[in-house]
K.L.:
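Starting off with a structure, shown below.
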Amino acid sequence: AALASERSLHLRQLSPSPAVAARLWQLPPGTIAVHIRRTDHAKAISRSPDELFIRQLDAHLEANFFLATDDADLESRLQLRYGARLLTQRKRSLDRNSPEGIEDAFVDLLLLSQGLKVIGS
């Protein structure tokens, strides 16, 4: 427990680089964070089909959602379904081996952390 507490203290002292910080924005109050992995994690895909996420999102009739996903087609489908209630961060790359893809994923992570709660795979 002491190690976890110490690690938590160190993590809270970190701050993003100016380039990352410039891409961050404040989610509206009450926004639900949604993280859906689709292209690189077979277990997550098999255990959390799109229909389960849609059912969860549909249960929140008034909420905004922040979506972080590596699946552009799924993002487009959810954007059609939820319209302006679905917030996303523009990605420069989905390649997790590129500096842009790594930074994009980190920005998504920081935005997800602002959510009222997280629905994720």
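Numbers here simply count residues along the sequence, with the first being 1.
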K.L.:
Under a 3.5 Å distance rule, please check whether T88 uses its side chain to pair with a backbone N or O of L67 as donor and acceptor.
P.N.:
no
K.L.:
How many angstroms lie between atom CD of E75 and atom CG of L80, to the nearest 0.5 angstrom?
P.N.:
11.0 Å
K.L.:
Can you tell me how far CD of Q56 sits from CD1 of I32, rounded to the nearest 0.5 angstrom?
P.N.:
9.0 Å
K.L.:
Just how far is it from atom CG of L112 to atom CD of Q89, taken to the nearest 0.5 Å?
P.N.:
11.0 Å
K.L.:
Is R23 reaching over with its side chain to a backbone N or O of R90, donor-acceptor style, under 3.5 angstrom?
P.N.:
yes
K.L.:
Is there any salt bridge (charged side-chain N to carboxylate O under 4.0 Å, His left out) pair reaching into residues 110-121, and which pairs are they, with sequence neighbours excluded?
P.N.:
none
K.L.:
Going from CZ on F65 to OG1 on T31, what distance comes out if it is rounded to the nearest 0.5 angstrom?
P.N.:
9.5 Å
K.L.:
Look at the side-chain heavy atoms of Ile, Leu, Val, Met, Phe, Trp and Tyr, link any pair under 4.5 Å apart, and say whether L86 and I54 land in one connected group.
P.N.:
yes
K.L.:
Closest approach of S98 and S93, non-hydrogen atoms and distance?
P.N.:
OG-OG, 3.3 Å
K.L.:
Give a yes or no on whether the backbone of L27 and the side-chain of Q114 come within a donor-acceptor separation of less than 3.5 Å.
P.N.:
yes
K.L.:
Same cluster or not: are L116 and W25 linked, directly or through other Ile, Leu, Val, Met, Phe, Trp or Tyr residues, by side-chain heavy atoms under 4.5 angstrom apart?
P.N.:
no
K.L.:
Locate the shortest heavy-atom distance separating R38 from P49; write the atom from each residue and the value.
P.N.:
NH2-C, 3.6 Å
K.L.:
For the atom pair CZ (R85) and NE2 (H60), what is the distance rounded to the nearest 0.5 Å?
P.N.:
10.0 Å
K.L.:
Would you say I119 and L78 are hydrophobically clustered, going by side-chain heavy atoms of ILVMFWY under 4.5 Å?
P.N.:
yes
K.L.:
With the threshold set at 4.0 Å, does a side-chain nitrogen-carboxylate oxygen contact exist between R96 and D70?
P.N.:
yes
K.L.:
If two hydrophobic side chains count as joined below 4.5 Å and joins carry through other members, does L74 share a cluster with L57?
P.N.:
yes
K.L.:
Please report the closest heavy-atom contact between A84 and N64, naming both atoms and the distance.
P.N.:
O-OD1, 4.4 Å
K.L.:
Decide, yes or no, whether a salt bridge links D104 with K91 under the criterion of side-chain N to carboxylate O below 4.0 Å.
P.N.:
no
K.L.:
Would you compute the distance between atom CG of D58 and atom CZ of F53 and round it to the nearest 0.5 angstrom?
P.N.:
13.5 Å
K.L.:
Can L87 be reached from V20 by stepping across I, L, V, M, F, W or Y side chains whose heavy atoms are under 4.5 Å apart?
P.N.:
yes
